[in-house]
Amino acid sequence: MDEDQHANSGPSNKSPNQVPQKQKKKPRGPTKGIKSMPGVPRIIEWDHLDRPTGKWATDYKNHIGEISRAKVSILIRTWEDVSQGIKDTLWEDVKREFHITDETKKEVVLKSCDKRWREFKSRLTTGWIRGTRKRPKDEKMPYDLYSYITKDIWKEFVKIRTSEEAEEISEKARQSQSFNIYPHHMGQKSYAEMTSEWQRKGYIPSVSSSSEGSSASTISSSLPSRTCLWLLARSVPDEKGNPYLPDQGTQKVKENIDEWKRKQDEGEFVPKSARDDVLSRALGKTKEGRPLTFGGGVGIKAVWGTGDRRSFRRYGDAEMEEMEARVTKRVKDETIQEMNSKMDAMVMEKFITFAKELGVQIPSHMRIDANVHSSCRSGGLDPFADITV
């Protein structure tokens with residue numbers, strides 16, 4: 001495929017039989033700690049979304065995972081239950097190892113620790129308890145692989161993860177995962193890491209090449225950046241190393257993307273906001289719960305700011321009917337109450353007039369002011385109790 005074809009099409013939709021068979025991946029074993037490199041400072045870099053990038057990004061991620069597993073017990077239910085002391089220890093460790101001087105990065109680092117710790121517990125559950133994930137062939141148990149997991153800890157962990165509460169949580173997670181009909185093929189790498197790799201391969205432009213008109217902008221020259229990243233994440237290399245979309249569902253989305261891109265180029269589709277782009281239209285997502293192609297932990301505000309968020313909520317038909325019924329009842333009740341109040345005042349006024357014509361003495365507490373409406377129900381008084389003829 002030459003560069004012009006590559007630029008116009010993005011990841012290819014060629015026949016799957018032209019793509020080499022993927023080799024079976026080895027089951028993931030324990031992650032080894034990063035190697036000590038005396039005299040070589042590991043200085044982590046951050047992009048504009050506070051995602052780790054640069055030479056030490058992989059070491060940073062591995063270190064985060066290792067210390068989180070070692071310092072935070074798998075018996076703790078949630079990250080909120082982890083003591084502040086342990087969290088501070090994690091932060092100080094990472095800050096020292098990667099020479100982080102910006103204290104505002106503490107929240108970012110701890111979010112990563114939380115994510116890696118939860119992933120570890122999930123791997124233990126799917127690999128050794130549920131058996132839905134491959135594990136090392138040597139059949140070693142977690143307490144043989146990890147020095148911080150004892151037999152007693154493992155026994156208690158199994159008890160926790162097989163409880164009724166855990167089963168309910170697991171079922172909700174499976175239902176949530178079932179909505180992920182377009183899985184990515186990035187493996188353990190993040191969008192931030194893969195973006196650098198795709199730039200090196202020339203699939204998307206780097207900062208330097210984009211201004212020079214370099215051929216590095218092959219795919220992204222015809223596709224919006226976010227759309228391009230979404231497709232590349234769901235591609236695999238063919239026999240020539242070019243990105244190919246192996247999943248039929250993703251291939252269909254690519255066709256939708258091409259159609260919406262055509263509409264945008266011809267003026268039929270004009271995005272209403274940064275979020276309302278070709279990708280969101282092709283996926284049928286008019287409102288995203290989180291921004292796609294930026295990775296976990298990156299929120300809508302960080303990507304699009306607050307100005308692009310909706311100030312109103314869209315209601316479904318059932319919700320609208322319920323709301324209309326509540327409003328109708330409230331208006332009806334208030335109208336009846338107002339009518340009753342006016343009726344009480346009118347009756348009292350007529351009664352007093354009639355009583356005066358008969359020469360009946362009116363008790364002082366029944367003499368009403370013109371601006372005050374009286375009600376026998378609200379006042380709790382019998383208007384006829386003290387009348388004498």
Side-chain angles (χ1 to χ4, degrees), residues 25-36 52 57-98 100 105-178 180 186-190 193 295-297:
K25 295 182 178 180
K26 294 181 179 180
R28 182 173 179 178
T31 301
K32 296 180 179 180
I34 59 176
K35 295 180 180 179
S36 177
T58 300
D59 280 354
Y60 165 84
K61 186 168 66 174
N62 289 340
H63 187 68
I64 286 280
E66 179 60 29
I67 64 172
S68 300
R69 293 190 294 269
K71 297 180 184 297
V72 185
S73 171
I74 59 175
L75 299 183
I76 298 177
R77 301 298 180 102
T78 67
W79 185 253
E80 288 71 23
D81 297 326
V82 178
S83 70
Q84 189 59 48
I86 293 178
K87 292 177 181 178
D88 290 342
T89 300
L90 294 172
W91 162 239
E92 292 298 329
D93 187 307
V94 177
K95 185 170 67 170
R96 179 179 62 256
E97 188 66 39
F98 293 94
I100 301 174
K105 294 295 188 291
K106 181 176 181 178
E107 182 179 356
V108 179
V109 169
L110 291 181
K111 280 184 178 180
S112 296
C113 290
D114 172 22
K115 182 174 183 293
R116 302 289 285 177
W117 174 68
R118 285 185 287 107
E119 288 174 346
F120 176 56
K121 294 201 296 181
S122 177
R123 287 199 304 274
L124 292 177
T125 303
T126 55
W128 281 271
I129 298 177
R130 302 191 189 281
T132 55
R133 180 195 294 265
K134 289 185 178 179
R135 63 190 192 192
K137 292 182 179 180
D138 54 17
E139 297 295 334
K140 287 185 177 180
M141 296 299 290
Y143 46 78
D144 296 321
L145 296 171
Y146 304 100
S147 60
Y148 36 82
I149 298 179
T150 65
K151 288 185 178 181
D152 289 338
I153 289 177
W154 177 248
K155 184 177 179 180
E156 184 64 24
F157 180 73
V158 172
K159 182 179 179 181
I160 293 172
R161 303 296 271 195
T162 54
S163 66
E164 184 176 342
E165 178 186 0
E167 290 293 340
E168 292 178 358
I169 295 174
S170 179
E171 179 58 30
K172 288 181 180 179
R174 282 193 291 269
Q175 292 178 3
S176 178
Q177 183 62 27
S178 67
N180 181 22
M186 297 188 296
Q188 295 293 324
K189 291 189 176 180
S190 65
E193 292 174 284

Check your understanding: When you measure from the side chain of W128 to the backbone N and O of R123, does any donor-acceptor pair fall under 3.5 Å?
Key -> no

Take atom CD of Q175 as the centre, draw a 6.0 Å sphere, and report whether it contains more than 12 heavy atoms from other residues, nucleotides or ligands. yes

_E164 vs E168, test: side chain to side chain contact (heavy atoms under 4.5 Å, CB included). Steps then yes/no._
CA-CA 6 Å; E164 184 176 342; E168 292 178 358; 3.9 Å; yes

* Just by modelled atom types, is the I160 backbone N or O under 3.5 Å from a matching donor or acceptor in the S163 side chain? -> yes

*Go through the steps to decide whether L124 and Y146 satisfy the test side chain to side chain contact (heavy atoms under 4.5 Å, CB included), and finish with yes or no.*
CA-CA 11 Å; L124 292 177; Y146 304 100; 4.3 Å; yes

>> Taking A173's backbone N and O only, do any of them form a donor-acceptor pair with S176's side chain (distance below 3.5 Å, no angle check)?
In response: no

Taking the side chain as every heavy atom from C-beta outward, state whether K61 and R116 have any pair of such atoms under 4.5 Å apart. yes

Q.
Under a 4.0 Å threshold between the charged nitrogen and the carboxylate oxygen, would R69 count as salt-bridged to E119?
A. no

Residues K121 and F157: closest non-hydrogen pair is O-CZ, 3.8 Å

*Apply the test side chain to side chain contact (heavy atoms under 4.5 Å, CB included) to residues E167 and E171: give CA-CA distance (whole Å), side-chain angles for both, the deciding distance (0.1 Å), then the verdict.*
CA-CA 6 Å; E167 290 293 340; E171 179 58 30; over 6 Å; no

Listing, residues 74-87 side-chain donor-acceptor contacts under 3.5 Å, not counting sequence neighbours, or none:
unit_1: T78; atom_1: OG1; unit_2: E80; atom_2: OE1; d: 3.4
unit_1: T78; atom_1: OG1; unit_2: D81; atom_2: OD2; d: 3.0
unit_1: D81; atom_1: OD2; unit_2: T78; atom_2: N; d: 3.4
unit_1: S83; atom_1: OG; unit_2: I86; atom_2: N; d: 3.3
unit_1: Q84; atom_1: NE2; unit_2: D88; atom_2: OD1; d: 2.9
unit_1: K87; atom_1: NZ; unit_2: W79; atom_2: O; d: 3.4

Rounding to 0.5 Å, atoms NZ (K105) and CH2 (W91) come to a distance of 8.5 Å

query: Hey, does Y148 have a side-chain heavy atom less than 4.5 Å from the side chain of V72?
result: no

One should read off an interatomic distance between R130 CZ and S122 OG, to the nearest 0.5 angstrom, of 9.0 Å

In short, D144 meets K140 closest at the heavy-atom pair CB-CB, 4.1 Å

OG1 of T58 to CG of N62, rounded to nearest 0.5 Å, is 6.5 Å

Residues at least two apart in sequence or cross-chain that pass side chain to side chain contact (heavy atoms under 4.5 Å, CB included) with K71, listed by chain then number, are I67, T89, L90, D93

Between the CD atom in E193 and the OH atom in Y60, the distance rounded to the nearest 0.5 Å is 11.0 Å

Interatomic distance, OG1@T150 vs CD@E156, rounded to 0.5 Å, equals 10.5 Å

**OP:** Report the C-alpha distance between D59 and F98 in whole Å, list the side-chain angles of each, state the deciding distance to 0.1 Å, and finish with yes or no for side chain to side chain contact (heavy atoms under 4.5 Å, CB included).
**Re:** CA-CA 9 Å; D59 280 354; F98 293 94; 4.3 Å; yes

- Message: For the residue pair R174 / S170, report whether a side-chain donor-acceptor contact shorter than 3.5 Å exists.
- Response: yes

The reported gap from SG in C113 to NZ in K111 (rounded to nearest 0.5 angstrom) is 13.0 Å

Taking every heavy atom of W154 against every heavy atom of M141, the minimum-distance pair comes out as NE1-CE, 3.5 Å

Practice item. Could you walk me through whether R161 and T125 pass side chain to side chain donor-acceptor pair (under 3.5 Å), step by step? Key: CA-CA 7 Å; R161 303 296 271 195; T125 303; 2.8 Å; yes

